[in-house]
Amino acid sequence: MTPPEIDPAAFPDLLSRTLEAGDVACLQLRLKNADGPAEDSAIRKAVERIRPICHNHDVALILNDNPTLAAELGCDGVHVGQEDTPYAEARRIVGPDAIVGVTCHDSRHLAMLAAEQGADYVAFGAFFPTGTKQAKTRAEVELLQWWSELMEVPCVAIGGITVDNCRPLVEAGADFLAVVGGVWNHPDGPAAAVAAFNRLFDEAAEATGKKPRR
């Protein structure tokens with residue numbers, strides 16, 4: 001996930017170096033801070049600058065919250081929360097081939113419902129304290145294990161995730177990690193963070209004999 005605010009001039013080069021460091025499935029553009037979401041004009045400018053970089057690295061670009069803008073700007077998909085556009089409406093707007101992911105907090109019921117409706121992934125969290133947003137729920141690691149044993153739809157772990165604390169989430173069955181500060185604020189830089197996350201996924205896959213879906 002992007003930082004909540006980015007410099008349109010400097011961020012593209014930083015993003016390119018970061019994506020070169022390892023396997024990244026998606027970049028979620030989330031320009032949103034305590035004052036609320038960025039203006040549509042800022043989002044349009046950001047998408048124009050970073051979409052080619054994502055695609056050059058085979059990384060899907062998904063937009064947070066706004067399926068209409070995601071479709072207009074040619075994003076690869078959208079992520080919606082429980083208080084945003086409902087899944088069915090988001091799917092109608094972005095089309096059958098786009099990615100639509102759904103926040104499910106710590107709820108098995110919401111996750112099952114999203115999966116049954118056709119969500120491409122469900123997101124659980126927050127697993128750790130996070131400064132990015134005021135987390136409504138606190139999810140337990142056992143939720144990831146339960147989901148991975150029962151369902152084929154990928155699950156994403158989110159909330160305060162860093163290289164230092166993510167191993168239990170990966171070992172429990174998280175297919176993807178949604179990370180903000182754990183990448184962009186890493187002491188050795190975001191590229192080092194991406195490389196470290198990749199190593200952790202590879203180590204977990206080797207230990208369990210499973211191929212990671214990241």
Side-chain angles (χ1 to χ4, degrees), residues 1-2 6 12 15 19 22-32 37-125 133 136-137 139 143-144 146-159 173-180 201 210-214:
M1 299 169 67
T2 64
I6 63 175
L15 176 63
L19 297 182
D23 186 4
V24 178
C26 295
L27 178 71
Q28 182 187 138
L29 178 62
R30 186 182 187 276
L31 301 183
K32 188 175 184 180
E39 297 290 334
D40 285 359
S41 58
I43 296 173
R44 288 189 176 95
K45 182 180 294 185
V47 169
E48 181 180 330
R49 297 295 299 274
I50 69 177
R51 183 180 55 201
I53 297 169
C54 289
H55 290 175
N56 285 342
H57 292 87
D58 293 323
V59 175
L61 176 62
I62 61 177
L63 186 62
N64 187 62
D65 290 351
N66 194 328
T68 301
L69 199 55
E72 174 193 327
L73 299 177
C75 295
D76 299 296
V78 67
H79 178 88
V80 293
Q82 292 297 320
E83 298 175 359
D84 301 320
T85 307
Y87 168 81
E89 179 67 7
R91 171 62 70 195
R92 184 191 67 78
I93 293 170
V94 299
D97 298 325
I99 298 167
V100 181
V102 180
T103 293
C104 298
H105 301 301
D106 63 343
S107 173
R108 300 185 182 201
H109 171 72
L110 291 176
M112 293 285 286
L113 181 61
E116 290 170 359
Q117 291 178 328
D120 293 291
Y121 67 83
V122 298
F124 294 117
K133 60 187 291 187
K136 295 181 173 64
T137 58
L143 181 60
L144 297 171
W146 167 80
W147 183 264
S148 66
E149 292 174 351
L150 182 67
M151 302 294 291
E152 290 295 322
V153 175
C155 64
V156 179
I158 190 170
D175 297 293
F176 304 97
L177 302 176
V179 187
V180 186
F201 267 102
K210 295 180 180 179
K211 184 178 180 181
R213 287 195 282 188
R214 56 169 165 76

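Predicted model only: the values in this text are computed from it and were never measured.
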Straight-line distance of L69 CG to D40 CG, nearest 0.5 Å: 5.0 Å

Looking only at non-hydrogen atoms, find the nearest pair between F124 and C104 and report the distance. CE2-CB, 4.1 Å

Report yes if some heavy atom in the side chain of V153 is under 4.5 Å from a heavy atom in the side chain of W147; otherwise report no. yes

Straight-line distance of T103 OG1 to E83 CD, nearest 0.5 Å: 10.0 Å

I158 side chain near M1 side chain, heavy-atom distance below 4.5 Å: yes

Gap between atom SG of C155 and atom CZ of F176 - 0.5 Å precision: 9.0 Å

Check: M112 and L150 side chains under 4.5 Å, non-hydrogen atoms: yes

Can you name the closest pair of heavy atoms from V47 and L61 and give their distance? CG1-CD2, 4.1 Å

From CG (L19) to CG (N56), nearest 0.5 Å: 10.0 Å

Just so I know, are the side chains of L113 and Y87 near enough to count as touching, which here means a heavy-atom distance under 4.5 Å? no

Minimum heavy-atom separation for I93 and P67, please, with both atom names. CG2-O, 3.5 Å

Is any side-chain heavy atom of L29 closer than 4.5 Å to a side-chain heavy atom of L31? yes

Quick check: closest heavy atoms across A115 and V122, and the distance to 0.1 Å? N-CG1, 4.5 Å

Using a 3.5 Å distance criterion without hydrogens, assess whether the side chain of R91 forms a donor-acceptor pair with backbone atoms of A98. yes

Do I99 and C26 make a side-chain contact, defined as non-hydrogen atoms from C-beta onward lying under 4.5 Å apart? yes

Closest non-hydrogen contact found for A70 with G77 is CB-O, 3.7 Å

Less than 4.0 Å between a side-chain N and a carboxylate O, is that true for K45 and E48? no

Kindly indicate whether the side chain of H55, heavy atoms from C-beta on, has any atom under 4.5 Å from the side chain of D76. yes

Looking at every non-hydrogen atom in both residues, tell me the closest pair between P12 and R49 and how far apart they are. CG-NH2, 3.8 Å

Side-chain heavy-atom pair H79, D120 within 4.5 angstrom cut-off: no

Nearest 0.5 Å please: distance from the CD1 atom of I43 over to the NZ atom of K32. 10.0 Å

Distance in Å, I6 CD1 paired with L15 CG, rounded so as to fall on 0.5 Å steps: 8.5 Å

